[in-house]
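This is a predicted model, so every value here is computed, not measured.
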Amino acid sequence: MMTPLTGDEALWLMERVIALAALLQATELILLRRIYAPGGVWIWDMLAPEYNVFPAIARRLVSATLGYPAYLLLLLSQAFVAAYALFYSHPVLFGYLFVGTLLTSVRWRGTFNGGSDYMTLLVLGAVTVANLFPSSSLVSFACLCYVALQASASYWIAGWVKARRRNWYTGRALGGFLKSTMYESARLERLAERRSVLMIFGWLIVVFELSFPFALLDVRLAAGYLCLGILFHFSVAVVFGLNRFVLPWAACYPAIYFISGLQ
Amino acid sequence: MYTSLSVAFFILVASYLALVLLAKRCAPGHIRGRTVLLLRALFPTWRFFDDLAEVPVLLVRFRKAEGEYSPWEPCLPPLRRSAWRVLLNPEGNYQLAAQNLLCQLNDDIDLIAGEDVEALRESVSYALVENLTSFELKRRRLLLPGDLFQFKVVGRVQGGTNEADALLSAEHVL
């Protein structure tokens with residue numbers, strides 16, 4: 001017998017997982033400090049003119065926070081706040097993480113890591129709003145609904161764009177992606193040549209993504225889909241190096257599980 | 001009390017959804033506003049791995065002041081997979097960010113290079129790719145200050161081997 005989550009439990013779990021995601025993301029960027037320090041690649045003095053499109057007040061904010069070493073200090077404070085938010089809930093903590101993640105995306109000319117930045121911001125925004133109104137169960141409910149809706153949409157849209165491409169049914173698309181990862185792997189090269197295996201996995205991925213919204217209908221369905229989802233994201237992290245997708249999507253799962261248990 | 005809070009919240013959510021829908025109506029290639037591009041993390045698209053595409057690949061060659069150029073080789077070496085990288089993968093994410101940068105340079109090539117190669121060479125994307133190349137050469141200890149290098153961006157369909165030159169850089173000094 002599956003036990004549905006209460007709204008408070010779902011929100012609490014979401015906060016812990018997204019705090020862990022923010023902590024790991026900040027740690028990765030701290031470890032990468034050479035690439036945005038002077039002598040690196042994304043040097044602030046070169047990037048700064050691009051931000052002249054912002055209003056004066058926003059320009060002042062980005063110049064004060066995104067240069068070096070100010071940006072490194074921002075990331076260190078993000079890591080500290082995220083570690084604190086692993087145990088405590090407060091709108092200021094999650095609001096700070098939201099603003100820091102947005103500034104990081106802006107510093108990388110839009111996003112540092114595409115989809116994972118979208119989902120991290122979405123969940124941080126939702127938990128910040130829910131914490132701003134702790135006594136309103138309606139606001140918490142709306143935040144959980146919004147996260148569940150966007151998470152389901154993320155799978156469905158990704159499935160829909162694949163379903164319209166013949167390459168996904170023949171295995172050619174998956175084979176091509178496997179051959180163009182950042183990793184060196186003879187085993188993966190061999191797998192990318194096995195058309196029947198690629199075809200089966202291509203179909204499985206399309207069907208899984210397209211049917212994901214059914215997870216919202218029942219807790220047992222939700223439990224099954226969420227286990228498959230975790231397996232899917234771990235596989236993507238191992239094969240393609242997209243580790244940043246695991247936790248932001250896992251942070252949405254309590255919301256999906258909560259909605260699926262509504263009577 | 002609850003009513004006013006709820007109304008305010010739903011207006012917030014509805015505004016955000018309207019912005020998301022508006023952003024979805026424009027294909028990424030058609031978004032011209034720099035502000036929207038810089039803030040695009042707020043407008044999720046959820047289109048991942050939709051089909052095989054031509055992706056930019058960065059190649060580099062180099063020479064000592066008096067020597068000949070080396071053959072072209074990939075600027076970013078392939079990484080070794082490890083279980084640890086599922087949790088923390090700074091090097092992998094650096095490579096993904098570099099790939100993102102090459103896509104931005106490709107967009108700039110489409111937008112401005114048609115008639116004006118000099119304008120492209122003055123763009124931020126070009127300067128950052130030049131930085132990326134020299135950073136990698138220094139990191140791999142292949143060159144000394146004063147040595148020369150050149151990079152080129154080629155388009156390669158994922159999973160394929162055919163390449164088409166998209167951009168050949170000027171000669172740069174490390």
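- At a threshold of 4.5 Å between non-hydrogen side-chain atoms, the residues B:Leu96 and A:Leu242 count as touching.
- A side-chain N or O of A:Asn243 and one of B:Asn93 form a donor-acceptor pair less than 3.5 Å apart.
- Using cut-offs of 30° and 60° on the angle between ring planes, the pair A:Phe240 and B:Phe49 is tilted.
- In terms of heavy-atom proximity, B:Phe48 sits nearest to A:Ala158 at CD1-CB, 4.2 Å.
- Neither the backbone nor the side chain of B:Leu76 comes within less than 4.5 Å of any heavy atom of chain A.
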Ring pair (Phe, Tyr, Trp, His ring centres under 6.0 Å) between A:Tyr118 and B:Phe43, worked out: CA-CA 7 Å; A:Tyr118 301 150; B:Phe43 311 112; 9.1 Å; no
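- For the set A:Arg164, A:Arg107, A:Lys179, A:Met46, the entry with the most heavy-atom pairs within less than 4.5 Å of chain B is A:Met46.
- In terms of non-hydrogen atom pairs under 4.5 Å with chain B, the most contact-rich of A:Asn167, A:Asp117, A:Leu247 is A:Asn167.
- When A:Tyr51, A:Trp156, A:Tyr155, A:Trp160 are compared by the number of non-hydrogen pairs under 4.5 Å with chain B, A:Tyr51 comes out ahead.
- In terms of heavy atoms, A:Gly39 sits closest to B:Lys138 at O-NZ, 4.5 Å.
- Contacts between A:Arg244 and chain B at a heavy-atom distance below 4.5 Å involve the side chain alone, from C-beta outward.
- A donor-acceptor contact shorter than 3.5 Å is absent between the side chain of B:Arg85 and the backbone of A:Gly241.
- One distance of note links CD of B:Glu91 with CD1 of A:Ile35; it measures 8.5 Å at 0.5 Å rounding.
- The interface of residues 23-30 of chain A with chain B, defined by heavy-atom distances below 4.5 Å, comprises A:Leu24, A:Thr27, A:Glu28.
- If you tally non-hydrogen atom pairs under 4.5 Å between each of A:Ala237, A:Gly40, A:Ser105, A:Gly175 and chain B, the highest count goes to A:Gly40.
- Looking at B:Asp51, the atoms closer than 4.5 Å to chain A (heavy atoms on both sides) sit in the backbone and in the side chain alike.
- For B:Ser134, no part lies near chain A; criterion is any non-hydrogen pair under 4.5 Å.
- Chosen from A:Leu47, A:Val106, A:Leu174, the residue pairing most often with chain B at heavy-atom distances under 4.5 Å is A:Val106.
- Contacts between B:Gln104 and chain A at a heavy-atom distance below 4.5 Å involve the side chain alone, from C-beta outward.
- Sorted by first and then second residue, the pairs that involve residues 140-162 of chain A and meet salt bridge (charged side-chain N to carboxylate O under 4.0 Å, His left out), not counting sequence neighbours, are A:Lys162-A:Glu209.
- With contacts defined as side-chain heavy-atom distances shorter than 4.5 Å, the pair B:Arg81/A:Leu188 qualifies.
- Contact count versus chain A (heavy atoms, under 4.5 Å) is highest, among B:Gly92, B:Ser82, B:Ala97, for B:Ala97.
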